[in-house]
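What follows is a set of notes on a single structure, which appears directly below.
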Amino acid sequence: MARKHEPFVIGDVSVPAGTQKSVKLPAAKLYNDTPMDLHVEVIHGTKAGPVLLVCAAIHGDELNGIEICRRLLGRVNAKTLTGTLLIVPIVNVFGFIQQSRYLPDRRDLNRCFPGSAKGALASRLAYLFAHSLVERATHIIDLHTGAIYRENLPQIRCDTDDEVMLDMANAFGAPVIMSSKAREGSMRAYANSLNIPCILYEAGEALRFSDMSIKSGLNGVINVIRYLNMTKGKIKTKTKITSVNASRSYWVRSESDGLVNIKLKLGERVAKGQVLATIVNPFGGSPSQLLAPTDGIIVGNSNIPVTNEGEALFHIAQFSSDEIEIINDNLDDFMQEYA
C-alpha cells in the first residue's frame with residue numbers, strides 16, 4: 001500500500017493532501033491597531049514532490065506579479081498536483097497599501113534578509129517570510145517589475161553558473177536571461193545560501209499593469225511547474241522561444257540635462273554609435289545625442305521624458321555575435337505571442 005501523503009503544516013494550519021487553504025501569518029499592526037497578515041495560498045498536492053514558492057511584491061509598488069499570482073490560483077488543482085505550491089501575492093503588505101517600494105520605516109525589504117525577530121519592522125517581516133516560507137521551499141520564483149518610471153523587458157535574472165537555476169530559467173521561456181549574482185540581503189541571496197534555487201522574473205514598470213508582462217509571466221511560472229514535474233503537460237509556448245543568456249549589461253546615462261526624445265523602444269536592437277535619444281534644453285538650443293556605446297538589445301529604459309546629467313536612461317544587454325540573431329528572432333516571436 002502506498003504511503004499516505006502527509007499534510008503540509010504552516011503556522012498553526014494543517015493543509016491535507018489534495019486540498020488548498022488560505023493561511024494568514026500575523027506580521028504586525030498598523031498605528032490604529034489593525035492587524036496586518038502575510039497571506040499565503042497553500043496548494044498541497046496528493047503526492048510528495050517539490051515545494052515551489054511563488055512570491056510577488058517584495059517591493060510594494062510592483063504590481064504585475066500580484067496579478068500573475070492571482071491568475072495562477074485559477075490554473076492549479078490540488079487534486080492533480082504533485083508536491084506543494086506556496087503562493088504569496090503580496091509580501092510587502094505595508095508598501096502595497098502605501099503604493100510604495102519601501103516599508104513605513106523606509107527600508108527596502110529585499111535588503112533585510114534573513115532578518116531578525118527583534119529588529120526593525122523590515123527585519124521582522126523578512127524574518128517571518130524567511131523562516132515560515134523560504135526555508136520550507138525547494139525552489140523559488142520571485143516576481144518583480146522595474147522601478148517607478150522604469151520599464152523592463154520580460155527577463156529572468158539568476159546565477160547562470162548554477163545548473164538548476166539555469167534550467168528553471170530556460171523552462172520559464174522569457175526571451176532574455178540575465179546572468180546576475182544575488183545582492184547581499186536579498187531574499188534570493190538568502191535562498192541561495194541555503195542551496196535553494198531561486199530565479200527572479202523582471203517585467204514591466206512599478207504601479208502599472210502590463211498585459212504582456214503578466215501573460216508571459218503566468219505562462220513562465222506554469223512552465224517551471226511542468227519542468228519540476230508537479231503537473232502533467234509539456235512546457236508550452238505558441239512559438240518556440242529559446243532563452244538567450246546575455247554576456248553582460250550596462251546602463252547608458254544622460255550626458256546633459258533637459259527633455260528626452262527617445263528614438264528606440266524597449267526590446268529593439270541597437271548598433272554601436274546609434275542614436276538612442278536626443279536631449280534638448282527646454283528653452284531652446286541645439287539638441288545633444290545619446291549614442292549606444294556597443295551593439296545590444298534594450299532590456300530596460302526610463303519612461304520619464306526629462307533627465308538630469310548622469311541619470312540612467314537605457315539598460316542595454318550584450319550578446320555574442322552568434323546569439324544576437326537568435327535574440328532578434330526570440331523577440332519577434334515573443335511579441336507575436338504576447339503583445
Side-chain angles (χ1 to χ4, degrees), residues 110-111 141-147 149-189 191-192 197-205 213 216-217 220 241-255 260 262-277 289-303 307 309-335:
N110 209 29
R111 299 294 180 268
I141 302 175
D142 187 17
L143 304 173
H144 285 257
T145 76
Y149 304 128
R150 286 187 182 178
E151 186 175 5
N152 283 330
L153 183 75
Q155 59 195 257
I156 291 292
R157 297 182 184 180
C158 67
D159 182 354
T160 55
D161 292 331
D162 184 285
E163 185 176 350
V164 176
M165 281 189 267
L166 184 57
D167 285 347
M168 289 173 65
N170 281 317
F172 195 100
V176 176
I177 299 173
M178 307 286 286
S179 182
S180 169
K181 301 293 184 182
R183 292 188 178 184
E184 184 178 354
S186 68
M187 187 271 287
R188 182 160 65 103
N192 293 168
C198 175
I199 63 172
L200 190 152
Y201 175 63
E202 281 272 3
E205 178 185 357
S213 300
S216 63
I241 296 173
T242 304
S243 299
V244 179
N245 186 8
S247 58
R248 69 179 288 262
S249 68
Y250 61 90
W251 279 93
V252 180
R253 297 182 178 275
S254 174
E255 297 174 359
V260 182
I262 293 177
K263 302 300 182 183
L264 296 175
K265 298 183 294 184
L266 198 66
E268 286 197 75
R269 180 176 177 175
V270 300
K272 182 178 180 179
Q274 188 171 358
V275 178
L276 300 171
Q289 294 182 329
L290 187 65
L291 306 180
T294 67
D295 296 349
I297 301 289
I298 298 174
V299 295
N301 62 254
S302 170
N303 281 333
T307 185
E309 184 177 354
E311 189 169 347
L313 296 182
F314 295 92
H315 190 193
I316 295 179
Q318 289 184 272
F319 302 87
S320 70
S321 56
D322 294 335
E323 291 174 329
I324 194 70
E325 295 302 329
I326 297 174
I327 189 64
N328 266 347
D329 293 339
N330 268 1
L331 289 168
D332 288 342
D333 291 342
F334 185 83
M335 294 301 179

Can you see which heavy atom on [X] is nearest to which on [Y], and at what distance?
X    : Y    : result
I199 : C158 : CG2-CB, 3.9 Å
P175 : I327 : O-CD1, 3.1 Å
A317 : A246 : CB-CB, 4.0 Å
F172 : G217 : CZ-O, 3.6 Å
G146 : E202 : N-OE1, 3.6 Å

Atom CZ of R111: over 12 foreign heavy atoms under 6.0 Å: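 Count over threshold, so yes.
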Name all residues meeting the salt bridge (Lys or Arg N to Asp or Glu O under 4.0 Å) criterion together with [X]; count only those two or more places apart in sequence or in a different chain, and write none if there are none.
X    : value
E205 : none
K181 : D159, D161
R269 : E325

Looking at side-chain heavy atoms only, is the closest gap between [X] and [Y] below 4.5 Å?
X    : Y    : answer
I177 : N170 : yes
L313 : V252 : no
N192 : D162 : no
H144 : N152 : no
P197 : M168 : yes
L276 : I316 : yes

Nearest-0.5 Å distance, [atom1] of residue [X] to [atom2] of residue [Y]:
X    : Y    : atom1 : atom2 : answer
E268 : L331 : CD    : CG    : 10.0 Å
L166 : I156 : CG    : CD1   : 11.0 Å
N245 : T160 : CG    : OG1   : 4.5 Å
M165 : R188 : CE    : CZ    : 7.5 Å
Q155 : Y201 : CD    : OH    : 9.0 Å
S213 : L143 : OG    : CG    : 11.0 Å

Donor-acceptor under 3.5 Å (Q318 side chain, T294 main chain):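 Pair absent, no side-chain N/O of Q318 close to backbone of T294.
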Sidechain-backbone polar pair: D295 side chain, K272 backbone, donor-acceptor under 3.5 Å: yes
CA sep, side-chain torsions, deciding dist, call: V270, F314, side-chain contact (heavy atoms from CB on, under 4.5 Å): CA-CA 11 Å; V270 300; F314 295 92; over 6 Å; no
